[in-house]
Amino acid sequence: MGVYVVTGAGSGMGRAAATKLTGAGHTVIGVDLREAEVTADLATAAGRRSAAAAVLEACAGRLDGAVLAAGLGPVRGREREIVEVNYLGVTELLRAWRSALAAAGGGKAVVLSSNSTTTTPLVPRRMVRALLAGDVRRAVRALRFHGPARAVMSYAGSKLAVSHWVRREAVKPEWAGEGVRLNALAPGAVLTPLLERQLADPSSARAVTTFPVPVGGFGDPARLAEWIVFLLSDAADFMAGSVVFVDGGTDAYFRPEEWPRAVPLRGLIRYLRRMRSFRRE
């Protein structure tokens, strides 16, 4: 049996994943604001540091897997918190736990992204670039001209940035080369407490219920947890840097021909450089 850490273990998909893992006999170290093995506020630097250290102590420096499910939705007025939790609450913790995942000899990490990464129009690229550069202040400043849409953009932008981070990091020697598999799951509308709050708000309920979901309805947290468990299993040994969409067909509806896409002529030089770089490594 393994030892796993699950952030956001108190509700939604984090709780469902923790339940699946404990039901299979694994030890789960939950991280949440309250009622968890490790209580911490991932919206603060101090909270992230204390969570990282407490988990390493609890697992004795060895983790078979990590599920980064803690996140904030598009709540107005909390744009900086959204960015801190959704981006830094993933990247800082995973960097702190990477050696513990490597010590397990094949540890796996699953990041909860979102299909908002590809279905939210006009996400500011400056915000995403700033987050990838580690500049949260500049990322939040990039939202200043988006008016009432700031919260939505902060959510989609933070999830887009963390998805790019996963793809960048997953293939590096310190991750893939050390046997650690890092992937992301991009759900659509899943019936979590977050979505229930949106449905209860008349100003957002119509937008949620009319958004295209070709298969209809909403996702089930317990079913999404099965995808998380799969990405933690030996079946995912050959996966690295994947972003798996489980969204009822929404991404495919909006972008049927945009992915997969062949390497364009303008990208050929970079492609060849990457090929040579891999051979040298």
Side-chain angles (χ1 to χ4, degrees), residues 13 68-69 71-74 82-83 86-87 90 110-132 139 142-143 145-146 148-171 182-192 194-195 198-199 204-221 223-224 226-228 230-231 236 238-271 274:
M13 286 177 281
L68 286 296
L72 286 178
I82 293 168
V83 168
N86 293 359
Y87 185 77
V90 172
V110 181
V111 172
L112 266 293
S113 178
S114 167
N115 74 341
S116 67
T117 54
T118 59
T119 63
T120 302
L122 306 177
V123 174
R125 292 182 181 179
R126 287 180 299 169
M127 177 193 176
V128 176
R129 289 196 296 266
L131 284 178
L132 290 168
L143 301 169
F145 298 121
H146 287 270
R150 283 197 299 269
V152 171
M153 292 300 173
S154 65
Y155 178 79
S158 62
K159 292 293 188 178
L160 183 56
V162 84
S163 297
H164 287 178
W165 183 87
V166 165
R167 288 180 59 77
R168 284 184 179 186
E169 295 295 313
V171 297
L182 174 58
N183 295 288
L185 190 66
V190 179
L191 201 56
T192 61
L194 170 63
L195 183 64
Q198 289 179 290
L199 291 171
S204 61
R206 178 172 172 76
V208 173
T209 55
T210 59
F211 201 67
V213 181
V215 304
F218 300 120
D220 176 9
R223 294 288 177 86
L224 267 293
E226 292 179 10
W227 277 94
I228 294 171
F230 165 76
L231 290 171
F238 203 54
M239 294 181 71
S242 294
V243 180
V244 181
F245 282 76
V246 184
D247 70 345
T250 302
D251 174 68
Y253 177 82
F254 280 113
R255 310 189 317 140
E257 287 91 31
E258 291 186 39
W259 184 262
R261 178 178 290 182
V263 177
L265 179 61
R266 66 178 181 277
L268 186 58
I269 293 176
R270 182 178 184 275
Y271 180 90
R274 294 286 286 173

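Here the structure is a predicted model, which means the values were calculated and not measured.
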Problem - Short side-chain to backbone donor-acceptor contact, N86 and L72, under 3.5 Å - result: yes
Practice task
Verify, without hydrogens or angle tests, whether R167 (side chain) and G241 (backbone) share a donor-acceptor contact under 3.5 angstrom.
Solution key: yes
Fill in the blank from the handout: Between the CG atom in L160 and the OG atom in S113, the distance rounded to the nearest 0.5 Å is 8.0 Å
Exercise for the section: For the residue pair V166 and V90, establish whether any side-chain heavy-atom pair is separated by less than 4.5 Å. Expected result: no
Practice task
Step through it carefully: locate the ring centre of F211, locate the ring centre of F218, and say whether they are under 6.0 Å apart.
Solution key: no
Exercise for the section: Go through the steps to decide whether T250 and T119 satisfy the test side chain to side chain donor-acceptor pair (under 3.5 Å), and finish with yes or no. Expected result: CA-CA 8 Å; T250 302; T119 63; over 6 Å; no
Practice task
Count the heavy atoms of every other residue, nucleotide or ligand shown that sit under 6.0 Å from CZ of R255, and state whether that count exceeds 12.
Solution key: yes
Practice task
Considering non-hydrogen atoms only, spot the tightest contact between Y155 and G73 and give its length.
Solution key: CD1-CA, 3.8 Å
Handout entry: Least distance between heavy atoms, P221 atom then T192 atom
Key = CG-CG2, 4.2 Å
Problem - From CG (L191) to CE (M13), nearest 0.5 Å - result: 10.5 Å
Handout entry: Side-chain touch L199/T209, heavy atoms, less than 4.5 angstrom
Key = yes
Practice task
Report yes if some heavy atom in the side chain of P187 is under 4.5 Å from a heavy atom in the side chain of D247; otherwise report no.
Solution key: no
Problem - Stepwise side chain to side chain contact (heavy atoms under 4.5 Å, CB included) test for Y253 and V213 - result: CA-CA 8 Å; Y253 177 82; V213 181; over 6 Å; no
Exercise for the section: May I ask you to test the W165-L182 pair for a side-chain heavy-atom distance under 4.5 Å? Expected result: yes
Exercise for the section: Mind listing the closest non-hydrogen atom pair of G248 and P214 along with its distance? Expected result: O-CD, 3.2 Å
Exercise for the section: With the side chain counted from C-beta on, respond yes when L185 and V111 share a heavy-atom pair under 4.5 Å apart, and no when they do not. Expected result: no
Handout entry: Main-chain N/O of N115 paired to D251 side chain as donor or acceptor, under 3.5 Å
Key = no
Completion exercise
Value for OG (S163) from CZ (R168), rounded to nearest 0.5 Å, stands at 12.0 Å
Problem - Heavy-atom neighbours of I269 CD1 exceed 12 at 6.0 Å - result: no
Problem - Any side-chain heavy-atom pair of R150 and M153 under 4.5 Å - result: no
Problem - Least distance between heavy atoms, Y87 atom then S158 atom - result: CD1-O, 4.2 Å
Exercise for the section: Indicate yes or no for a side-chain donor-acceptor contact from K159 to the backbone of S154 under 3.5 Å, with no hydrogens or angles considered. Expected result: no
Practice task
List the steps and the verdict of side chain to side chain contact (heavy atoms under 4.5 Å, CB included) for L131 and V83.
Solution key: CA-CA 8 Å; L131 284 178; V83 168; 3.3 Å; yes
Exercise for the section: Taking all heavy atoms of A170 and all of A240, pick out the closest pair and write down the distance. Expected result: CB-C, 4.1 Å
Practice task
List the steps, then state whether side chain to side chain contact (heavy atoms under 4.5 Å, CB included) holds for V152 with T120.
Solution key: CA-CA 8 Å; V152 171; T120 302; 4.1 Å; yes
Exercise for the section: Could you please spell out the steps behind the side chain to side chain contact (heavy atoms under 4.5 Å, CB included) verdict for F245 and T117? Expected result: CA-CA 10 Å; F245 282 76; T117 54; 3.9 Å; yes
Practice task
State, to 0.1 Å, how close A151 and I82 come at their nearest heavy-atom pair, and which atoms those are.
Solution key: O-CD1, 4.2 Å
Practice task
State, yes or no, whether a side-chain contact exists between V110 and N183 at a heavy-atom distance under 4.5 Å.
Solution key: no
Handout entry: Distance in Å, H146 NE2 paired with M127 CE, rounded so as to fall on 0.5 Å steps
Key = 9.0 Å
Handout entry: S242 side chain to M239 backbone, donor-acceptor under 3.5 Å
Key = no
